[in-house]
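Nothing here was measured: the structure is a model prediction, and the numbers come from that model. Just follow the structure's listing: the first ligand is 1, and inside any ligand the first atom is 1.
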Amino acid sequence: MKISVIGSGYVGLVTGACFAKLGNDVVLVDIDAERVDMINRGEVPFYEPGLGEILKEGLAQGKIEAITDTISSVKWADVVFICVQTPTTPDGSVDITYVRAATKSVGEGLREREDTGYPVVVVKSSVVPGTTEFLVKPILEDLSGKKAGVEFGLAMNPEFLREGAAVKDFLEPDRIVIGALDEKSRNILSSLYSGFNCPLLHTNLVTVEMIKYASNAFLATKISFINEIANICESVPGLDVLEVARGIGLDHRVNPQFLNAGVGFGGSCLPKDLKALVAFVEDKGNYEPKLLKSVLEVNDFQPLRLVDLAVRVLGSLSGKRVSVLGLSFKPNTSDMREAPSIKIINRLLELEAEVVAYDPVARETARKELGDRITYAETVEECLKGADCCFIVTEWEQFKNLEPSDFKRLMKRPLIFDGRRVFNPEKFIAEKVDCYSVGLNKLSTS
Ligand code: UDX
């Protein structure tokens with residue numbers, strides 16, 4: 001099929017490159033000419049394992065190209081995916097400025113089409129229930145002068161891509177969820193996705209919008225739940241959240257995923273979508289989403305608990321050199337949006353600690369986010385050197401290989417606050433390295 005993808009950010013680029021890999025002809029559109037040039041050179045403007053390879057493959061085979069002109073891509077395509085960002089406004093609600101602008105251009109493109117085809121416009125951006133039907137559809141109809149469901153199709157098809165695993169998540173999804181306005185749109189999308197070996201769930205537009213938000217809300221709830229259990233475990237002798245999570249996760253009704261206690265969830269989706277859902281419900285005014293608000297509240301405090309623990313152990317952090325290992329919101333990405341590291345570092349700076357941080361890929365992102373308020377180490381060794389304590393904030397594979405001897409050799413005092421359960425505390429404590437772990441009521445060497 002001929003696919004146009006409006007918005008070549010994270011979701012758009014992954015979607016476009018993967019559809020090209022599957023044999024479709026893809027045009028990626030972005031208003032940023034510099035980004036378009038980069039993509040056409042085969043360069044991915046962010047860190048995502050495997051994406052560069054399939055993009056280059058698609059470019060070499062002439063299956064994909066990036067342009068800045070939405071209208072011409074809409075005139076050409078069988079299916080148009082709207083993949084623009086939906087950021088959070090200061091009150092937590094979703095900002096649909098970009099969706100509105102992209103929809104207008106798509107509407108203009110539809111107006112200029114003279115063929116007898118049936119282009120299907122598909123919203124992939126995360127939008128609150130009702131947006132596709134009551135905002136996107138009227139704009140498209142107004143600007144095109146054509147009728148949805150008659151002269152062009154309309155659907156909503158959310159993505160469930162995890163950063164760092166997005167290509168795999170796209171090509172091997174657990175499920176594909178399609179909400180279509182009409183049967184023709186539904187059939188066209190079914191055939192686009194026919195090669196995928198997973199359930200295809202068909203429902204209406206508003207339900208898929210809710211499925212997207214509810215999925216992320218559920219994942220966030222699971223994390224805040226296990227973090228709360230971890231916090232309880234810390235105060236009861238003999239308890240370890242790892243064992244508790246294992247015991248819960250073996251129940252098939254629960255499953256072991258997303259039960260890793262830590263310093264809280266970050267990233268571009270979970271916090272944003274949860275806030276958007278809360279704001280959406282509160283705006284409706286007839287229900288208070290108490291559980292979802294608590295999930296956010298637990299998550300707000302979770303990163304700071306690690307700093308509180310350090311204060312309890314060290315007394316004051318003023319003037320102390322604190323090594324922070326990991327800045328990205330999770331491993332295998334350079335993304336620091338809503339990263340727990342930001343909250344932790346800001347708090348450490350408030351307490352007048354001297355912060356030195358290391359991340360294998362997020363250093364440049366961190367410089368933009370945190371400026372020169374902290375020192376950026378080039379290596380783990382440089383980060384640990386002379387430190388009074390070390391915070392493990394992201395569970396990069398590289399950190400898992402560190403041995404107690406590394407900390408003893410490099411740090412002023414071998415003291416670790418393991419916010420991601422990267423280390424076996426028994427092993428470290430046996431080798432005289434103080435290792436405090438999230439969710440574990442077993443304290444130091446002394
Ligand atoms: C998420 C959803 O997983 C994906 O389906 C959706 O489309 C986009 O949002 P992503 O933001 O890439 O993906 O990250 P994810 O792997 O879900 O992790 C989110 C955050 O939760 C990270 O900060 C991670 O460290 C944290 N997390 C995850 C935990 O703290 N514990 C866990 O058990 C799992």
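- One side chain, E48 or Y10, offers a donor N or O that lies under 3.5 Å from an acceptor on the other.
- In this structure, G266 counts as a contact residue of ligand 1, since one of its heavy atoms falls inside 4.0 Å of the ligand.
- Polar contact with ligand 1: absent for P340 (N/O pair, distance under 3.5 Å).
- When only non-hydrogen protein atoms are considered, atom 28 (C) of ligand 1 lies nearest to I223 CD1, 3.5 Å.
- Under 4.0 angstrom from ligand 1, the non-hydrogen atoms of N260 come from both its backbone and its side chain.
- For R421, no heavy-atom contact with ligand 1 is shorter than 4.0 Å.
- Remark: the K385 side chain and the S323 side chain contain no N/O donor-acceptor pair separated by less than 3.5 Å.
- Taking every heavy atom of F265 and a limit of under 4.0 angstrom, the matching atoms of ligand 1 come to 20 (C), 21 (O), 23 (O), 26 (C).
- Interface of E159 with ligand 1, defined as ligand atoms under 4.0 Å from a residue heavy atom, comprises 7 (O).
- Looking at atom 19 (C) of ligand 1, its nearest protein heavy atom turns out to be L270 CD2, 3.7 Å.
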Next item on the list: Report the C-alpha distance between L296 and K275 in whole Å, list the side-chain angles of each, state the deciding distance to 0.1 Å, and finish with yes or no for side-chain contact (heavy atoms from CB on, under 4.5 Å).
Entry: CA-CA 8 Å; L296 283 169; K275 282 179 204 157; 3.9 Å; yes

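- Aromatic ring centres of F399 and F423 lie farther apart than the 6.0 Å criterion allows.
- Nearest protein heavy-atom neighbour of atom 4 (C) of ligand 1: L161 O, 3.7 Å.
- Contact annotation: for K222 versus ligand 1, there are no heavy atoms closer than 4.0 Å.
- With 3.5 Å as the limit, one finds no donor-acceptor pair spanning the side chains of S190 and N187.
- With respect to atom 9 (O) of ligand 1, the closest heavy atom belonging to the protein is C269 CB, 3.0 Å.
- Residue contact check for ligand 1: R420 places a non-hydrogen atom closer than 4.0 Å to it.
- Atoms of ligand 1 found under 4.0 Å from any heavy atom of K212, numbered from 1 in the order shown, are 7 (O).
- Judged purely by distance below 3.5 Å, without hydrogens or angles, the side chains of K222 and N260 never pair a donor atom with an acceptor atom.
- Protein heavy atom in closest approach to atom 2 (C) of ligand 1: N216 OD1, 3.7 Å.
- Using 4.0 Å as the threshold, G267 has no heavy atom nearer than that to any atom of ligand 1.
- Between the side chains of Y193 and N157, a donor-acceptor pair is found at a separation under 3.5 Å.
- Protein heavy atom nearest atom 17 (O) of ligand 1, with residue, atom name and distance: F258 CZ, 3.2 Å.
- A donor-acceptor pair under 3.5 Å is absent between the side-chain atoms of T86 and the main chain of I96, judged by distance alone.
- In this structure, F81 has its ring center closer than 6.0 angstrom to the ring center of F19.
- Closest to atom 10 (P) of ligand 1 among all protein heavy atoms lies K330 NZ, 3.7 Å.
- For atom 12 (O) of ligand 1, the closest heavy atom belonging to the protein is E163 N, 2.6 Å.
- Judged purely by distance below 3.5 Å, without hydrogens or angles, the side chains of N231 and Q302 pair a donor atom with an acceptor atom.
- Looking only at atom types and distance, the side chain of D182 has a donor-acceptor partner in the side chain of S185 under 3.5 Å away.
- There is a side-chain donor-acceptor pair under 3.5 Å between E163 and S268.
- Counting heavy atoms under 4.0 Å from ligand 1, residue N227 does not touch it at all.
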